[in-house]
Amino acid sequence: MGQRKVCHHNPNLPKGRPIIFVLGGPGSGKGTQCDRIVRDFGYLHLSAGDLLRDEVKYGTEIGQECEQLMKDGKLVPVEVTLKLIKKAMKENRNSTTGFLIDGFPRAVDQAEVFEKKVGRPKLVVFLDCPREEMEKRLLKRGETSGRSDDNMDTILKRFDTFLLESMPVVKYYDNLQPGLVIKVSSVPPPDDVYKEIYCAILGFRGEMDTDPMCAALHHSDSCDRLSFA
Ligand SMILES: Nc1ncnc2c1ncn2[C@@H]1O[C@H](COP(=O)(O)OP(=O)(O)OP(=O)(O)O)[C@@H](O)[C@H]1O
Ligand SMILES: O=c1ccn([C@@H]2O[C@H](COP(=O)(O)O)[C@@H](O)[C@H]2O)c(=O)[nH]1
């Protein structure tokens, strides 16, 4: 993953509704940032984890198949997640201006199959957060979330799965298309983390100059801060 100086200004954007992936470790803040993106851009937020938890909650066949895997911090088969995501995209294709996919793809083979069967995202946001910080956040969230995986035992397994299987997805997209991935530290407060994401989205929409803060970033050398290094 080399140093690349890339501004998010892609003149060859295909038409249609954009897809954004928000990736990062467990508790890195994906859902928190997605809330802000939805607020400002109105994209449809599809959390693969939420879709799976709904299946578990309603006791569907998929839910029964996935419940234990999720408690063990393992990945459910891509056929399952892809089916849920594609269904939600299809149902909403006429009512949304874009798709914000949170926590998927979780492995390189998942990214490959998405690329083949659905398409390429316009932007991949990678939230970078130290493990200790993620652990602290998840344990705190676990006090009230009711999630069966917000406990120390499962958190450790989720970290292992993330490092082994999910981190390579970031490199996959960075290699696939320079500038596609932005790496953002999610340690600062949520609104500060969001600034870079917001500018990157304006960038691929060709609207960078509509916001003075983003325009300054775009026209200065600091533009390469947005690229994955
Ligand atoms: N920048 C931040 N600073 C401090 N706390 C944060 C920040 N972003 C999110 N949090 C908190 O950390 C916890 C995890 O955040 P969030 O649910 O958004 O993470 P996630 O990446 O979606 O997690 P998961 O993958 O487990 O679903 C939440 O309680 C949230 O309020
Ligand atoms: O694409 C995905 C997304 C999620 N999972 C499983 O769900 C849990 C929880 O996911 P969150 O994104 O943290 O809500 C995850 O640990 C996996 O078991 C998945 O397999 N594939």
Side-chain angles (χ1 to χ4, degrees), residues 19 21-39 45-57 62-63 65-89 99-114 118 121 124-170 184-198:
I19 296 169
F21 286 149
V22 179
L23 306 179
S28 58
K30 299 181 293 296
T32 302
Q33 294 304 317
C34 285
D35 289 347
R36 285 162 172 75
I37 298 171
V38 170
R39 178 194 67 199
H45 178 200
L46 296 174
S47 155
D50 283 348
L51 292 171
L52 291 168
R53 278 183 289 278
D54 278 349
E55 298 291 320
V56 173
K57 185 171 149 194
I62 289 179
E65 190 190 330
C66 298
E67 188 171 13
Q68 194 55 47
L69 289 169
M70 293 170 79
K71 276 187 188 150
D72 290 340
K74 292 185 181 149
L75 299 184
V76 311
V78 65
E79 297 75 35
V80 173
T81 36
L82 194 61
K83 186 176 165 192
L84 294 174
I85 289 169
K86 278 172 72 177
K87 181 169 174 275
M89 289 178 82
F99 300 99
L100 182 57
I101 302 186
D102 164 356
F104 178 92
R106 287 289 243 267
V108 170
D109 64 324
Q110 300 189 0
E112 285 169 348
V113 72
F114 190 92
V118 183
V124 177
V125 177
F126 168 55
L127 296 178
D128 187 32
C129 194
R131 186 181 170 128
E132 306 72 49
E133 176 66 19
M134 294 193 282
E135 188 180 299
K136 194 178 81 186
R137 291 179 187 177
L138 291 174
L139 289 173
K140 179 81 190 145
R141 190 178 69 182
E143 291 170 11
T144 54
S145 68
R147 278 179 58 161
S148 65
D149 58 353
D150 277 350
N151 61 78
M152 200 58 205
D153 189 37
T154 311
I155 288 168
L156 292 176
K157 292 175 181 160
R158 290 161 74 196
F159 284 149
D160 286 347
T161 303
F162 171 67
L163 286 177
L164 196 70
E165 303 196 58
S166 308
M167 264 309 286
V169 174
V170 177
V184 182
S185 167
S186 59
V187 176
D191 286 337
D192 291 348
V193 176
Y194 181 58
K195 280 178 194 159
E196 284 196 52
I197 300 172
Y198 173 76

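Order of listing sets the numbers, starting from 1, for every ligand and every atom in it. This one's a predicted model, so the numbers in the text were calculated from it and none came from an experiment.
Listed by first and then second residue, the side-chain hydrogen bond (donor to acceptor under 3.5 Å, both in side chains) pairs that reach into residues 100-111 are H45-D102, sequence neighbours excluded. The list of salt bridge (Lys or Arg N to Asp or Glu O under 4.0 Å) pairs with a residue in residues 145-154, not counting sequence neighbours, reads R141-D150, R147-D149, D149-R158, D150-R158, D153-K157.
Under 4.0 Å from ligand 2, not a single heavy atom of K71 appears. Only side-chain heavy atoms of R53 come within less than 4.0 Å of ligand 2; its backbone N, CA, C and O stay farther off. Contacts between D102 and ligand 2 below 4.0 angstrom, taking non-hydrogen atoms only, are absent altogether. Counting heavy atoms closer than 4.0 Å to ligand 1, residue R147 contributes side-chain atoms (C-beta onward) but none from N, CA, C or O. Here R158 has side-chain heavy atoms under 4.0 Å from ligand 1, and that is the only part of it that gets that close. With a 4.0 Å heavy-atom cut-off, ligand 1 is reached by the side chain of L138 but not by its N, CA, C or O. Counting heavy atoms under 4.0 Å from ligand 1, residue S186 touches it through the backbone alone.
At least one N/O-N/O distance between G103 and ligand 2 falls below 3.5 Å. Taking only nitrogen or oxygen atoms, main chain and side chain alike, T81 does not reach within less than 3.5 Å of ligand 2. Ligand 2 has no N or O atom lying under 3.5 Å from any N or O atom of D50, backbone or side chain. The shortest N or O to N or O distance between D102 and ligand 1 is not under 3.5 Å. Taking any N or O of G29, backbone or side chain, at least one lies under 3.5 Å from an N or O belonging to ligand 1.
Distances from atom 29 (O) of ligand 1 to the heavy atoms of R141, M134, K140 show the closest one on R141.
Closest to atom 20 (O) of ligand 2 among all protein heavy atoms lies V76 N, 2.7 Å. Among all protein heavy atoms, the one lying closest to atom 7 (O) of ligand 2 is M70 CE, 3.5 Å. Nearest protein heavy-atom contact of atom 2 (C) of ligand 2 is R106 CG, 3.5 Å. If you check which protein heavy atom lies closest to atom 13 (O) of ligand 2, you get R147 NH2, 3.2 Å. The protein heavy-atom contact nearest to atom 17 (C) of ligand 2 is K74 O, 3.3 Å.
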TODO: Using the side chain to side chain contact (heavy atoms under 4.5 Å, CB included) rule, take M152 and E135 through it: C-alpha gap first, then chi angles, then the decisive distance, then the call.
DONE: CA-CA 8 Å; M152 200 58 205; E135 188 180 299; 3.2 Å; yes

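Shown in contact with G25 at under 4.0 Å from a heavy atom are these atoms of ligand 1, numbered in order with element: 21 (O). Near P188, the atoms of ligand 1 lying under 4.0 angstrom from a non-hydrogen atom of the residue are 1 (N), 2 (C), 3 (N). Taking every non-hydrogen atom of D149 and a distance limit under 4.0 Å, the qualifying atoms of ligand 2 come out as 9 (C).
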